[in-house]
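Reading through the C-alpha cells given below for one structure.
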Amino acid sequence: MQAPPPTPQDPYRTRDAEVASTPVTGLDPAIRALRLVAVLIDGCIALVLMVPLMFMGGYWEAAFEAGRSGGFGLMPLGTTLLWAAVGFLVFVLIQGYPLQMTGQTWGKKLLSLKIVDLQGNKPSLADLLLKRYLPTHAIANLPCLGLIYVLVDSLMIFRADQRCVHDLIAGTRVVKTS
C-alpha cells in the first residue's frame with residue numbers, strides 16, 4: 001500500500017510508513033492493574049528476605065551514617081554496588097525457578113500472567129535475566145537517574161501495546177495465561 005505524496009497544501013508531509021506491530025499470537029495482554037499487583041507481590045517477597053539481610057549486613061547502619069555525614073545522604077559507591085548485586089542475586093534465587101519453568105515470577109503465577117516473547121513463546125532464562133531484569137535493576141540503583149528511569153519504565157505501561165521499557169529492551173510482553 002503506497003501512501004499519497006506530499007500535497008501543495010502540506011509540502012512537508014512525509015509518506016506514511018508501514019509500521020511493524022506486535023505479532024498477533026492469540027494471547028491477550030495482561031490487565032495493567034494485575035501487572036501492578038504481581039510486581040507488588042514480588043516486591044513483598046523480596047523485602048521479606050532483603051530487609052533482614054540488609055540489617056545483618058550493615059546496610060542500614062551505613063545508610064544512616066551517610067545521612068548524618070552530609071554528602072546528600074549518598075552511600076559510598078562500593079556499598080551501593082555490593083547491595084545492588086546482592087539484591088539481584090536474591091531476585092534470581094527467588095524468581096529464577098518459576099521464570100525458567102514457565103516464564104512467570106511468583107506474583108505473575110498467582111495472578112495467571114506470564115512473560116512471552118513477541119511470537120508468544122517463553123523466553124529463555126538468560127534472556128529474561130540479562131535483557132529484561134538486569135538492565136532495569138542496574139539503572140534503578142543509580143542515584144537520581146534510577147528514580148527517573150523507574151518512573152518512565154512504569155508509565156510506559158499506558159502505551160497502546162502495554163509494554164514497558166524493560167519489555168522493549170527484552171523483546172517481551174506480559175499476557176494472560178489460559
Side-chain angles (χ1 to χ4, degrees), residues 16-47 49-50 53-54 74-75 77-178:
D16 294 329
E18 289 187 33
V19 178
S21 63
T22 303
V24 178
T25 62
L27 298 172
D28 293 325
I31 297 169
R32 291 176 179 103
L34 288 180
R35 282 187 72 175
L36 174 62
V37 173
V39 168
L40 292 174
I41 291 169
D42 293 335
C44 288
I45 293 169
L47 278 174
L49 295 173
M50 281 301 295
L53 278 175
M54 293 167 88
L74 296 177
M75 291 199 305
L77 182 61
T79 304
T80 301
L81 291 175
L82 171 69
W83 283 103
V86 169
F88 190 73
L89 179 62
V90 168
F91 172 82
V92 172
L93 292 172
I94 295 168
Q95 304 292 356
Y97 179 75
L99 284 169
Q100 168 66 33
M101 300 308 291
T102 60
Q104 297 170 294
T105 61
W106 292 113
K108 286 178 177 60
K109 188 176 270 303
L110 285 171
L111 298 173
S112 300
L113 306 176
K114 68 179 176 178
I115 304 164
V116 297
D117 63 18
L118 297 182
Q119 288 72 43
N121 302 314
K122 182 185 76 63
S124 71
L125 179 60
D127 280 346
L128 288 172
L129 293 178
L130 298 177
K131 293 180 184 174
R132 183 181 169 94
Y133 291 107
L134 184 59
T136 292
H137 185 79
I139 296 169
N141 279 284
L142 297 174
C144 300
L145 179 63
L147 292 174
I148 294 168
Y149 172 80
V150 168
L151 178 63
V152 170
D153 183 40
S154 301
L155 291 176
M156 293 282 284
I157 196 150
F158 295 105
R159 293 167 29 117
D161 65 0
Q162 299 182 23
R163 295 174 64 212
C164 298
V165 173
H166 58 270
D167 290 308
L168 297 172
I169 292 170
T172 59
R173 60 192 181 122
V174 179
V175 297
K176 298 179 207 173
T177 60
S178 316

Asp153 side chain to His166 backbone, donor-acceptor under 3.5 Å: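 Pair found, side chain donor or acceptor close to backbone of His166.
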
N/O donor-acceptor pair under 3.5 Å between Arg32 side chain and Gln162 backbone: no

Trace of the salt bridge (charged side-chain N to carboxylate O under 4.0 Å, His left out) decision for Arg159 with Asp167: CA-CA 12 Å; Arg159 293 167 29 117; Asp167 290 308; over 6 Å; no

Side chain proximity check, Tyr149 to Val152, heavy atoms < 4.5 angstrom: no

Pairwise side-chain contact, Leu129 with Leu134, heavy-atom cut-off 4.5 Å (strictly under): no

Ignoring hydrogens, what is the shortest heavy-atom contact between [X] and [Y]? Give both atom names and the distance.
| X | Y | value |
| --- | --- | --- |
| Ala38 | Leu113 | CB-CD1, 4.3 Å |
| Lys109 | Pro98 | CE-CB, 4.3 Å |
| Ser154 | Cys164 | O-SG, 4.4 Å |
| Ile115 | Val174 | CG1-CG2, 4.3 Å |

Which value, rounded to the nearest 0.5 Å, describes the distance between [X] atom [atom1] and [Y] atom [atom2]?
| X | Y | atom1 | atom2 | answer |
| --- | --- | --- | --- | --- |
| Asp117 | Leu128 | CG | CG | 9.5 Å |
| Arg163 | Met156 | CZ | CE | 9.0 Å |
| Ile41 | Leu110 | CD1 | CG | 5.0 Å |
| Tyr133 | Asp127 | OH | CG | 12.5 Å |
| Arg132 | Ile169 | CZ | CD1 | 10.5 Å |
| Gln119 | Arg173 | CD | CZ | 9.0 Å |

Passing candidate, side-chain contact (heavy atoms from CB on, under 4.5 Å) with Ser112, options Thr177, Val175, Leu34: Thr177

Positive for side-chain contact (heavy atoms from CB on, under 4.5 Å) with Lys176, one of Leu111, Leu27, Asp28: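 Exactly one pass, corresponding to Asp28.
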
Pairwise side chain to side chain donor-acceptor pair (under 3.5 Å) hits with a residue in residues 87-100, at least two apart: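 For residues 87-100, and leaving out neighbouring residues, the side chain to side chain donor-acceptor pair (under 3.5 Å) pairs sorted by first residue read Asp42-Gln95.
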
Non-neighbouring partners of His137 that pass ring pair (Phe, Tyr, Trp, His ring centres under 6.0 Å), sequence neighbours left out: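 Checked His137 against ring pair (Phe, Tyr, Trp, His ring centres under 6.0 Å); matches are Phe88.
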
Lys122, NZ: over 12 other non-hydrogen atoms inside 6.0 angstrom: yes

